[in-house]
Amino acid sequence: MIDNIYSLGIDIGGTNTVFGLVDVNGHIIKKDSILTNSSLHPNFLFENIFSTIGNWERELDMSDIIRDIGVGVPNGNYFTGMVVSPPNLGKDWDELNLCSLIKTFKNVPVSITNDANAAALGEKYYGAAKSMTDAVVITLGTGLGSGIIVNNRILYGHDGFAGELGHLVIEPEGRKCGCGRRGCLEMYVSAKGLDYTVKEYKQRYPENNFLKNIKVKKVDGKLLDKAFDDGEKIIIDIYKYTGYMLGRGLAQIAKILSPEAFVFYGGLSNAKHRILDFAKDSMNANRSNYQKHKIKLLLSELSDGEAGIIGASYLNRLKD
């Protein structure tokens, strides 16, 4: 029996948490997904995770299979191990020493980072950005996260909180965001942003037969994708608006960072060209002539949910 051979990668989202055992070559041996239930104390989430780990150990007929643990979590600080004021998690996550909490379940090396940084690491080492020195990974889940790769390294800033591009203001006096400000990019381009847009359209077009049958919360993206493909004009308009707002944000980011590509991962990115084509047009329209058409918009090359797991599992190797 060989002990301690896998890293545990955990990707915590506002709605779901995915986690898996990852070998040294970036292959996921086992993975699972559970509800985050962020209104409950984080203990409940990790009790469920480590209960599953126990089942995996029995299935593999191995004990102590975890060598180290890496976690991607909203507003997770790589330098301090703290989670600070995450906008899409409950109050018990605020000012939480997550590394210390996890060590009460498994006393092995633990590192955390912002969830989007974890996805960026996954894309950098095993996905769409592996040949790039400068790229920005955009995660489109409950909110909008971002991981910035500069000169082959994640950009953390002096305090560990660089890269919160979801809270770039693109519409002054616009929609109120959970961060307390108005007009943040994630309020237009994310699961909750899409919910908000659909709600606005339902109010604006109350007689539209298609919109009448759509639930305001947790809009079914696959349903909208099919409607788009079927030529449903109101959905095309919604996706065009979403892409336009995304492109405005990308143009601002590009002026500062000039990445080789934006890589999209998670949730809303499953709409693919239906939103990204509009976003690319909008981005180029909001850039200077000499800057246009130089940045690629790419989709993740990793299976859904895997970039965050793999990237998180890599965190402790960066400290070796």
Side-chain angles (χ1 to χ4, degrees), residues 13-16 18 33-39 87-88 138-145 165-179 181-251 262-286 297-300 303-305:
T15 303
N16 296 305
V18 292
S33 174
I34 58 177
L35 291 174
T36 303
N37 285 325
S38 67
S39 61
N88 297 309
I138 304 285
T139 61
L140 299 176
T142 304
L144 184 150
L165 300 180
H167 298 287
L168 185 73
V169 174
I170 59 167
E171 190 72 275
E173 307 306 319
R175 299 171 180 175
K176 189 171 182 179
C177 181
C179 75
R181 298 188 301 165
R182 289 188 176 273
C184 292
L185 181 59
E186 80 166 32
M187 290 308 301
Y188 298 87
V189 190
S190 65
K192 64 181 177 182
L194 183 61
D195 285 349
Y196 204 118
T197 299
V198 169
K199 180 180 178 181
E200 285 187 342
Y201 269 73
K202 284 171 73 73
Q203 292 171 344
R204 196 180 307 166
Y205 305 103
E207 300 306 315
N208 183 276
N209 289 327
F210 188 85
L211 291 179
K212 284 181 181 178
N213 296 318
I214 295 179
K215 295 180 180 179
V216 172
K217 290 188 176 181
K218 296 184 179 180
V219 173
D220 185 345
K222 291 181 180 179
L223 177 66
L224 298 193
D225 290 348
K226 183 178 186 305
F228 181 99
D229 295 341
D230 291 342
E232 186 67 48
K233 185 178 182 305
I234 200 77
I235 302 306
I236 294 173
D237 286 348
I238 287 173
Y239 274 14
K240 184 175 182 179
Y241 175 73
T242 303
Y244 168 73
M245 299 303 276
L246 174 58
R248 284 178 62 183
L250 297 181
F262 289 102
V263 180
F264 295 89
Y265 164 77
L268 197 57
S269 69
N270 291 323
K272 301 179 182 177
H273 64 279
R274 302 173 184 87
I275 287 177
L276 294 187
D277 285 352
F278 293 124
K280 189 171 187 178
D281 290 343
S282 174
M283 178 182 73
N284 287 319
N286 284 282
L297 270 59
L298 305 174
L299 292 167
S300 171
S303 298
D304 191 34

I'd like to check [X] versus [Y] (side-chain heavy atoms, cut-off strictly below 4.5 Å). Are they in contact?
| X | Y | value |
| --- | --- | --- |
| Leu276 | Leu246 | yes |
| Phe278 | Thr242 | no |
| Arg175 | Thr197 | yes |
| Ile138 | Leu297 | no |
| Tyr188 | Tyr244 | no |
| Cys177 | Arg182 | no |
| Ile238 | Val198 | yes |

Lys240 NZ: over 12 foreign heavy atoms closer than 6.0 Å
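Atom NZ in Lys240 is not packed in, count stays at 12 or less.
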
What do you reckon, is CD of Gln203 surrounded by more than 12 foreign heavy atoms closer than 6.0 Å?
yes

Give the intermediate values and the outcome of salt bridge (charged side-chain N to carboxylate O under 4.0 Å, His left out) for residues Lys212 and Glu207.
CA-CA 7 Å; Lys212 284 181 181 178; Glu207 300 306 315; 3.8 Å; yes

Can you check whether [Y]'s main-chain N or O pairs, donor with acceptor, with [X]'s side chain at less than 3.5 Å?
| X | Y | result |
| --- | --- | --- |
| Ser190 | Gly141 | no |
| Lys202 | Leu211 | yes |
| Thr139 | Gly145 | yes |
| Arg181 | His167 | yes |

Begin from the C-alpha positions of Asp225 and Arg274 and carry the test side chain to side chain contact (heavy atoms under 4.5 Å, CB included) through to its verdict.
CA-CA 8 Å; Asp225 290 348; Arg274 302 173 184 87; 3.8 Å; yes

Out of the candidates Ile234, Ile236, Ile235, only one should pair with Leu224 under the side-chain contact (heavy atoms from CB on, under 4.5 Å) rule; please name it.
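Exactly one option meets the side-chain contact (heavy atoms from CB on, under 4.5 Å) with Leu224, and it is Ile235.
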
Reference residue Ile275; test side-chain contact (heavy atoms from CB on, under 4.5 Å); the match among Val189, Leu140, Leu268
Leu268

Which pair of non-hydrogen atoms, one from [X] and one from [Y], has the smallest distance, and what is that distance?
| X | Y | result |
| --- | --- | --- |
| Leu144 | Glu186 | N-OE1, 3.0 Å |
| Cys179 | Cys184 | SG-SG, 3.7 Å |
| Ser38 | Gly14 | OG-O, 4.2 Å |

Got a second to check how far [X]'s [atom1] is from [Y]'s [atom2], nearest 0.5 Å?
| X | Y | atom1 | atom2 | result |
| --- | --- | --- | --- | --- |
| Leu250 | Ser282 | CG | OG | 8.0 Å |
| Tyr201 | Asn208 | OH | CG | 11.0 Å |
| Asp195 | Met187 | CG | CE | 9.5 Å |

Take Ser269 and Ser300 through the test side chain to side chain contact (heavy atoms under 4.5 Å, CB included) and record every step on the way to the result.
CA-CA 9 Å; Ser269 69; Ser300 171; over 6 Å; no

CA sep, side-chain torsions, deciding dist, call: Asn270, Lys222, side chain to side chain contact (heavy atoms under 4.5 Å, CB included):
CA-CA 8 Å; Asn270 291 323; Lys222 291 181 180 179; over 6 Å; no

For Arg248 and Glu171, what are the C-alpha separation, side-chain angles and deciding distance, and is it a salt bridge (charged side-chain N to carboxylate O under 4.0 Å, His left out)?
CA-CA 10 Å; Arg248 284 178 62 183; Glu171 190 72 275; 3.7 Å; yes

For the residue pair Tyr239 and Phe228, is the inter-centroid distance of their aromatic rings smaller than 6.0 Å?
yes

Mind running side chain to side chain contact (heavy atoms under 4.5 Å, CB included) on Phe264 and Leu298 for me, showing each step along the way?
CA-CA 6 Å; Phe264 295 89; Leu298 305 174; over 6 Å; no

